[in-house]
**Student:** 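Provided herewith is a single structure, encoded as structure tokens, for subsequent inquiry.
These figures come from a predicted structure and were not determined experimentally. Residue numbers start from 1 in every chain, and the chains themselves are labelled A, B, ... in the order their sequence lines are given, proteins ahead of strands.
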There are 2 protein chains.
Amino acid sequence: MSKKPITMADVARLANVSKPTVSRALGGHPNVKPKTREKVLSVAREHGYAVNRNAKKLREKYTNTIAVILDFSSHRRHRITDPFIFELLAGVSEALSIRKQDLLLSPPTLSDANSYKELVSGRVVDGFIFLGQGANDAMFNELVKKDVPMVAWGGNTEGTKYCTVGSDNFLGGFLAGERFVQHNKKNILFVGNTEHIELRLRREGLEKALSTADYDYTLSELQGEDFSFNAHYEAMVQLLKSSPAPDAIFAYSDTAAMAIINALNEHGLEPIRDYLLVGYNDIAQASHFSPRLTTIRQDTFLAGALLVEKFMAVLNDNSPMSSTIPTELIVRNT
Amino acid sequence: MSKKPITMADVARLANVSKPTVSRALGGHPNVKPKTREKVLSVAREHGYAVNRNAKKLREKYTNTIAVILDFSSHRRHRITDPFIFELLAGVSEALSIRKQDLLLSPPTLSDANSYKELVSGRVVDGFIFLGQGANDAMFNELVKKDVPMVAWGGNTEGTKYCTVGSDNFLGGFLAGERFVQHNKKNILFVGNTEHIELRLRREGLEKALSTADYDYTLSELQGEDFSFNAHYEAMVQLLKSSPAPDAIFAYSDTAAMAIINALNEHGLEPIRDYLLVGYNDIAQASHFSPRLTTIRQDTFLAGALLVEKFMAVLNDNSPMSSTIPTELIVRNT
DNA sequence: TCAATTCATGTAATCTGTTTCAAAAAATCG
DNA sequence: CGATTTTTTGAAACAGATTACATGAATTGA
């Protein structure tokens with residue numbers, strides 16, 4: 001391979017100064033004579049010197065690296081490809097790079113709290129940003145107890161001990177509910193697994209809106225067995241075989257919404273005329289699907305920025321409050 | 001913050017052995033008495049010891065970390081959200097985690113070869129996997145000259161000095177062309193910027209198929225100014241205003257294809273009846289869009305595995321050959 | 001001009017592992 | 001059983017930076 005790279009000691013020798021001076025010159029320390037600094041910088045540049053970040057991190061204790069945990073491989077073939085999570089990832093990536101933090105992307109192969117803790121005590125990363133909460137609330141709480149710095153995208157409930165950033169799920173649900181009420185829809189289908197905190201909150205918001213309207217309605221629930229496109233499609237096909245078609249649907253994601261629309265389509269049902277549907281996330285594809293999706297929008301860049309900001313606060317031992325980002329209903333053709 | 005974590009020296013003391021013995025016991029070195037190893041392991045486990053990876057990397061020279069470069073923030077709002085690139089990312093992530101390599105996800109803020117080189121000489125990462133070649137062929141070649149280990153997803157041409165893994169772009173183009181010939185289509189539109197090597201190859205394949213059919217055809221080109229959904233939509237709307245509608249379209253991505261179909265739709269044109277369209281990538285959404293997209297499929301898991309395999313070969317100074325993955329036409333409703 | 005500050009630089013210690021090499025312990029053998 | 005070989009262990013060096021502290025140089029003030 002390539003030969004030994006130049007070290008700080010080499011630069012020091014070549015510039016006729018000592019190691020600490022080089023360190024200070026490069027690190028922007030104020031007490032360095034301008035002439036010396038220039039000399040050092042020019043030698044460093046000339047020889048393409050780059051500080052060894054491992055040595056630096058070893059000495060400095062912190063890593064400036066944050067692990068982002070993303071579950072994109074639950075099943076090999078039917079893996080999640082909900083673009084929303086990637087929009088979120090893009091937001092986080094941008095926010096981290098602004099703060100000059102490195103992003104270590106990990107699949108959640110690690111299922112127990114200890115293996116996460118190890119990455120922190122092994123000085124691999126300073127902590128974790130979890131994109132998606134899944135059914136890990138308990139494990140996350142355990143991480144907090146073990147002093148592992150972390151924040152998660154999601155929602156919180158009484159038991160939640162960690163900081164979350166998320167959609168205003170209750171409001172999102174409420175907005176969908178309002179729309180259904182306005183159009184006098186009464187046979188309502190909620191699509192999503194309410195074991196997930198976020199989805200539970202949405203369902204509560206939805207019910208709140210429906211109940212204040214003071215009229216009779218049925219609210220049923222459909223939960224695809226995993227998060228794949230086909231799972232949702234199939235589940236909907238089954239449901240249409242056995243029950244009367246719903247006249248209003250609130251889906252937990254635009255991706256799920258698309259799958260469900262396909263099933264409704266094939267069953268001869270048309271949006272607006274036969275049913276209303278509200279999706280969630282307003283992913284880039286939502287406005288280009290046909291029909292164009294009515295959905296709940298959140299700003300993923302803001303989300304990323306907030307997640308990172310809160311994480312940094314956690315690192316500095318200020319216990320930041322969980323927060324939600326602005327959440328609005330975008331009405332299109334469903 | 002949390003107090004000083006336990007070090008290897010601590011474990012050594014607690015187990016009544018020396019540091020090197022602990023190192024060997026944990027590292028699975030053969031020459032350690034089973035009883036000693038057990039003692040060390042139990043002490044380590046009991047105190048939740050984790051080796052400091054920075055110290056380890058400092059001594060060992062390699063980082064076991066690979067940077068994956070992904071361009072997902074070219075424009076703040078209109079950023080690329082082509083799910084294909086994320087499917088690819090998922091594939092790479094899985095392949096890396098199998099080999100116990102860490103994945104550092106970086107945006108390509110670094111535009112010149114030197115800043116990439118710095119990450120390698122600074123021992124941040126062992127090298128790079130670029131997901132997408134863009135118009136960076138020249139810069140990539142420069143990286144090779146600077147001994148920066150790297151591979152890229154893409155295609156290669158005469159000047160390409162680095163290893164690529166990619167779709168069989170020529171074949172992909174050829175398959176699309178064949179389909180057009182079979183249906184006697186003559187007014188063909190190629191959507192994509194042929195400054196990108198991959199797209200140039202596809203266009204060549206397309207032309208090959210068309211020319212062997214020995215009949216007259218027109219082949220025009222449309223290139224959205226950036227990769228956003230709207231750019232493609234708008235470009236297509238413009239084109240339909242000024243020129244006769246094409247009867248066959250070959251789009252460089254399914255995402256672009258969707259945008260274009262929207263434009264065609266609004267212009268009253270229907271797939272199959274009025275035009276054929278072949279997309280590229282077979283993203284998860286392709287088969288659920290309406291109309292269901294005819295497209296070119298590649299296995300992104302295989303792609304990820306190959307990229308990682310080749311990268312490792314590059315690291316070990318075997319110059320691996322570039323290769324293409326199986327590429328097939330999936331005929332659906334366009 | 002000399003003492004008192006302030007600024008710039010260097011020496012040595014430190015961070016936490018791995019590796020080399022030599023010594024000690026254990027196992028093998030005639 | 002003593003000599004030889006093999007296994008197991010430890011002391012010290014090393015990886016490449018940063019930091020505390022000390023010293024020498026430059027500047028200020030009287």
**Student:** When rounded to the nearest 0.5 angstrom, what is the spacing between CG in A/Leu103 and CG in B/Leu104?
**Tutor:**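 Interatomic distance, A/Leu103 CG to B/Leu104 CG, rounded to 0.5 Å: 7.5 Å.
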**Student:** So which nucleotide from D/dT19, C/dT11, D/dT9 ends up closest to the side chain of B/Thr36?
**Tutor:**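 Closest nucleotide among those given: D/dT9.
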**Student:** Heavy atoms only, 4.0 Å cut-off, all strands: where does A/Lys61 land among base, sugar-phosphate and nothing?
**Tutor:**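 Sugar-phosphate, no base atom in range.
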**Student:** Calculate the interatomic distance between A/Lys56 atom NZ and C/dT16 atom P; express it in whole Å.
**Tutor:**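 Computing the A/Lys56:NZ to C/dT16:P distance gives 17 Å.
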**Student:** Measure from CZ on B/Arg123 to C1' on C/dG17 and round the result to the nearest Å.
**Tutor:**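 Value for this atom pair: 16 Å.
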**Student:** Determine yes or no for a side-chain-to-main-chain donor-acceptor pair under 3.5 angstrom, with B/Asp126 supplying the side chain and B/Asn64 the backbone.
**Tutor:**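 Answer holds: yes.
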**Student:** Under 6.0 Å between ring centres: does that hold for B/Phe130 and B/Tyr116?
**Tutor:**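 B/Phe130 vs B/Tyr116: aromatic centres under 6.0 Å.
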**Student:** Using a heavy-atom cut-off of 4.0 Å across all strands, would you classify B/Asn31 as base, sugar-phosphate, or nothing?
**Tutor:**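 Here B/Asn31 touches the bases of the nucleic acid.
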**Student:** With sugar-phosphate meaning primed atoms plus P, OP1 and OP2, does B/Val22 contact a base, only sugar-phosphate, or nothing at under 4.0 Å between heavy atoms?
**Tutor:**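 Touches nothing.
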**Student:** From CG of B/Asn64 over to P of C/dT18, roughly how many Å is that when rounded to an integer?
**Tutor:**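 Taking CG of B/Asn64 and P of C/dT18, I get 13 Å after rounding.
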**Student:** If you only use heavy atoms from C-beta on, which nucleotide in C/dT16, D/dT9, C/dG10 is closest to the side chain of A/Pro20?
**Tutor:**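 The listed nucleotide nearest to A/Pro20's side chain is C/dG10.
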**Student:** Quick one: label A/Arg53 by what it contacts on the DNA or RNA (base, sugar-phosphate, nothing), any heavy atom closer than 4.0 Å.
**Tutor:**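 No contact at all - A/Arg53 keeps every heavy atom at 4.0 Å or more from the nucleic acid.
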**Student:** Treating B/Gln298 as the side-chain partner and B/Ile325 as the backbone partner, does any N or O pair qualify as donor plus acceptor under 3.5 Å?
**Tutor:**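 Side chain of B/Gln298 to backbone of B/Ile325, a donor-acceptor pair under 3.5 Å: no, none is there.
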**Student:** With a 4.0 Å cutoff (strictly under), does any side-chain N or O of A/Tyr49 reach OP1 or OP2 of D/dA17?
**Tutor:**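 So the side-chain polar atoms of A/Tyr49 do come within 4.0 Å of the phosphate oxygens OP1 or OP2 of D/dA17, strictly under.
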**Student:** Could you tell me whether the side chain of A/Asn318 and the main chain of A/Pro320 form a donor-acceptor pair under 3.5 Å?
**Tutor:**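 It does not hold such a pair.
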**Student:** What's the CG-C1' distance between B/Asn54 and C/dC15, to the nearest Å?
**Tutor:**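 Nearest whole value for this atom pair: 10 Å.
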**Student:** Looking only at side-chain atoms of B/Val32, point me to the closest of D/dG16, D/dT9, C/dT11.
**Tutor:**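 It is D/dT9.
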**Student:** Which residue, A/Ala9 or B/Pro30, contacts DNA chain D at a nucleotide closer to its 5' end, judged by nearest heavy atom?
**Tutor:**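 That would be B/Pro30.
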**Student:** How many Å lie between NZ on B/Lys19 and P on C/dT18, as a whole number?
**Tutor:**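 So the two atoms are 10 Å apart, to the nearest Å.
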**Student:** Please check: side-chain N/O of A/Thr7 versus main-chain N/O of A/Asp10, any donor-acceptor pairing under 3.5 Å?
**Tutor:**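 The answer is yes, because a donor-acceptor pair under 3.5 Å joins these two groups.
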**Student:** What protein N or O atoms touch nucleotides 24-27 of chain C N or O atoms at under 3.5 angstrom, if any, and at what distances?
**Tutor:**
none

**Student:** Under the 3.5 angstrom rule, does the side chain of A/Asn141 hit a backbone N or O of A/Ala138 as a donor-acceptor pair?
**Tutor:**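 No; judged by distance alone, with no hydrogens or angles, the pair does not exist.
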**Student:** For B/Val125, is there any backbone N or O sitting under 3.5 Å from a side-chain donor or acceptor partner on A/Arg53?
**Tutor:**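 Between the backbone of B/Val125 and the side chain of A/Arg53 there is no qualifying donor-acceptor contact (under 3.5 Å).
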**Student:** If you only use heavy atoms from C-beta on, which nucleotide in C/dG17, D/dA20, D/dA17 is closest to the side chain of A/Arg24?
**Tutor:**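 Of the candidates, D/dA20 comes closest.
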**Student:** Could you state the CZ-C1' distance from B/Arg59 to D/dA17, rounded to the nearest angstrom?
**Tutor:**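 In whole Å, D/dA17 C1' lies 15 Å from B/Arg59 CZ.
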**Student:** Side chain of B/Thr21, heavy atoms from C-beta onward: which of C/dT16, D/dT9, D/dT19 has the nearest atom to it?
**Tutor:**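 Among C/dT16, D/dT9, D/dT19, the one nearest the side chain of B/Thr21 is D/dT9.
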**Student:** At 10 degrees resolution, what angle do the end axes of the helix from C/dT1-D/dA30 to C/dG30-D/dC1 form when each is taken over five base pairs?
**Tutor:**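 Here the local axes at opposite ends form an angle of 30°.
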**Student:** Calculate the interatomic distance between A/Arg13 atom CZ and D/dA17 atom C1'; express it in whole Å.
**Tutor:**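 Answer to the nearest Å: 16 Å.
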**Student:** Would you check if the side chain of A/Ser121 reaches a backbone N or O of A/Lys117 as a donor-acceptor pair within less than 3.5 Å?
**Tutor:**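 Side chain of A/Ser121 to backbone of A/Lys117: a pair is present.
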**Student:** Do any N or O atoms from the side chain of B/Gln133 and from the backbone of B/Ala152 form a donor-acceptor pair under 3.5 angstrom?
**Tutor:**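 Looks like no, no N/O pair under 3.5 Å.
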**Student:** Would you say B/Ser18 reaches D/dT9's phosphate, i.e. side-chain N/O to OP1/OP2 under 4.0 Å?
**Tutor:**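 Checking D/dT9 against B/Ser18, no side-chain N or O comes under 4.0 Å of OP1 or OP2.
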**Student:** Within less than 4.0 Å of OP1 or OP2 of D/dA17, is there a side-chain N or O belonging to A/Ser23?
**Tutor:**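 Answer no for this pair, as no side-chain N or O of A/Ser23 is under 4.0 Å from OP1 or OP2.
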**Student:** Figure out the CD/C1' separation between A/Glu60 and C/dT16, and round it to whole Å.
**Tutor:**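 To the nearest whole Å, that distance equals 15 Å.
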**Student:** Can you tell me if B/Asp82 uses its side chain to pair, donor with acceptor, with the backbone of B/Phe84 under 3.5 Å?
**Tutor:**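 Yes: the side chain of B/Asp82 pairs with the backbone of B/Phe84.
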